[in-house]
There are 2 protein chains.
Amino acid sequence: MAGRNAGAGAEVETRRDPAGPLDMSALTTIVGYPLRRAQLAVFDDFNRRFAALALSPAQFSTLALIGANPGRKQSEIAGALGIQRPNFVAMMDELERRGLAERLRTPADRRSRALALTPTGEALVARARRVQAEQETEIERLIGGTSRELLIAALTQLTRLAS
Amino acid sequence: MAGRNAGAGAEVETRRDPAGPLDMSALTTIVGYPLRRAQLAVFDDFNRRFAALALSPAQFSTLALIGANPGRKQSEIAGALGIQRPNFVAMMDELERRGLAERLRTPADRRSRALALTPTGEALVARARRVQAEQETEIERLIGGTSRELLIAALTQLTRLAS
DNA sequence: TGAGATAGTTATACGGAATAACAATTGAAG
DNA sequence: CTTCAATTGTTATTCCGTATAACTATCTCA
């Protein structure tokens, strides 16, 4: 029953609120919970670092991927990032509006759009990569370089859980 | 450059679409990207395993935390889970509607609600823990037991990135 | 007693993500 | 060549998770 409110109530019980920290052990010992928390923390940190560049994680990954694979079809880039084609349209609209990327028509297949960075986009990606490297350095400071490599390897393996 | 369509067109060039896999190295070598992908994969796997119990990750963590800390205030549980108080109301509405948890009035402070599991909720948490253990076993199979422990430790450290 | 803080709640808005449906284009089979 | 199915990008729409402001009831403290 864990009855604890009973009887005399002798000494004054100064704090009305015992309020010790909660028992989180059921969550902190399974992978899913710290995984989610870490992802939120890393993305929050990312957003703080990239506030000046006004780049979200999704925008950064899109630009980086286009930069490394110019000329690829819109659906290829979206697919590689795990973004549904319909949702990727607004993403490209915005990157194009900001003059960072462009959708080119290709004679080979007039349905598709070949994506590429503009010079402005190339310059921004170069700056972004440096900012990103700073985050990576901070992560190494937190968990160590070797641990960082092992972490990436383990996380990559976990991806294979996908049905 | 990279001219490849020119001249003779000797042999047949069966595939119109070279379409080799994309260069993802700019993303796969930084922590943030595999971290996000792994989180999505683990949660997808979780949702598949918990489809029969109709429990989302957030619902599971809420029930598990209430079960380990019965009598705590609603705001304490919400805070520990990183859920804003307003958003936690609908969560509890649903858990209460399903008869899994309840909000008790406490004489000490009539503003707050002391959360607890119902017997039904206790039983469900017990089942859920077993299902969860199966996922953890699968994760160990993928990355190894030692690696799993190191992974949790590294992820927990990353949480300290939070400003 | 009264001012300010706290707990829970409501309403609301924003962004990410999923689905259906459509037009334009391509590829393949008859 | 014609026709039909598949592909590409797009629009519209929906759902869910999350953030914020504001309200009521209650508590604390001066």
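A, B, ... follow the sequence lines: proteins, then strands. Residue 1 opens every chain.
Within the structure, a side-chain polar atom (N or O) of A:R110 is placed less than 4.0 Å from OP1 or OP2 of C:dT26.
A:M91 and A:A58 make their closest contact through CE-CB, 3.7 Å (heavy atoms, listed as atom of the first residue, atom of the second, distance). For B:L55 against B:F46, the heavy-atom pair with the smallest separation is O-CE2, 3.6 Å.
In this structure, A:M92 and A:E102 have side chains that are not in contact, with every pair of non-hydrogen atoms separated by 4.5 Å or more.
Each of B:R36 and B:R103 has a nearest nucleotide on DNA chain C; the 5'-most of these lies closest to B:R103. Between A:A58 and A:T106, the one whose closest nucleotide on DNA chain C sits nearer the 5' end is A:A58.
For the pair A:E136 (side chain) and B:V31 (backbone), a donor-acceptor distance under 3.5 Å is present. The backbone N or O of B:N69 lies less than 3.5 Å from no partner atom in the side chain of A:D23, so there is not a single donor-acceptor pair. No donor-acceptor pair closer than 3.5 Å links the side chain of A:E138 to the backbone N or O of A:Q135.
Spacing between atom CG of B:L40 and atom C1' of C:dA18 amounts to 14 Å, rounded to whole angstrom units.
Across residues 77-88 of chain B, B:Q84, B:P86, B:N87 each have a non-hydrogen atom less than 4.0 Å from an atom of DNA chain D (numbered order).
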Only distances under 3.5 Å count here; give the side-chain donor-acceptor pairs of residues 47-54 of chain A to other protein atoms, sequence neighbours excluded, each with its distance to 0.1 Å.
unit_1, atom_1, unit_2, atom_2, d
A:N47, ND2, A:F43, O, 3.2
A:R48, NH2, B:L161, O, 3.1
A:R49, NE, A:D45, OD2, 2.6

Check the interface with nucleotides 4-7 of chain C: list each N/O to N/O pair with the protein under 3.5 Å, or write none.
unit_1, atom_1, unit_2, atom_2, d
C:dT6, O2, B:R111, NH1, 2.7
C:dA7, OP1, B:K73, NZ, 2.5

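In the model, B:R36 has a side-chain atom that pairs as donor or acceptor with a side-chain atom of B:Q39 under 3.5 Å.
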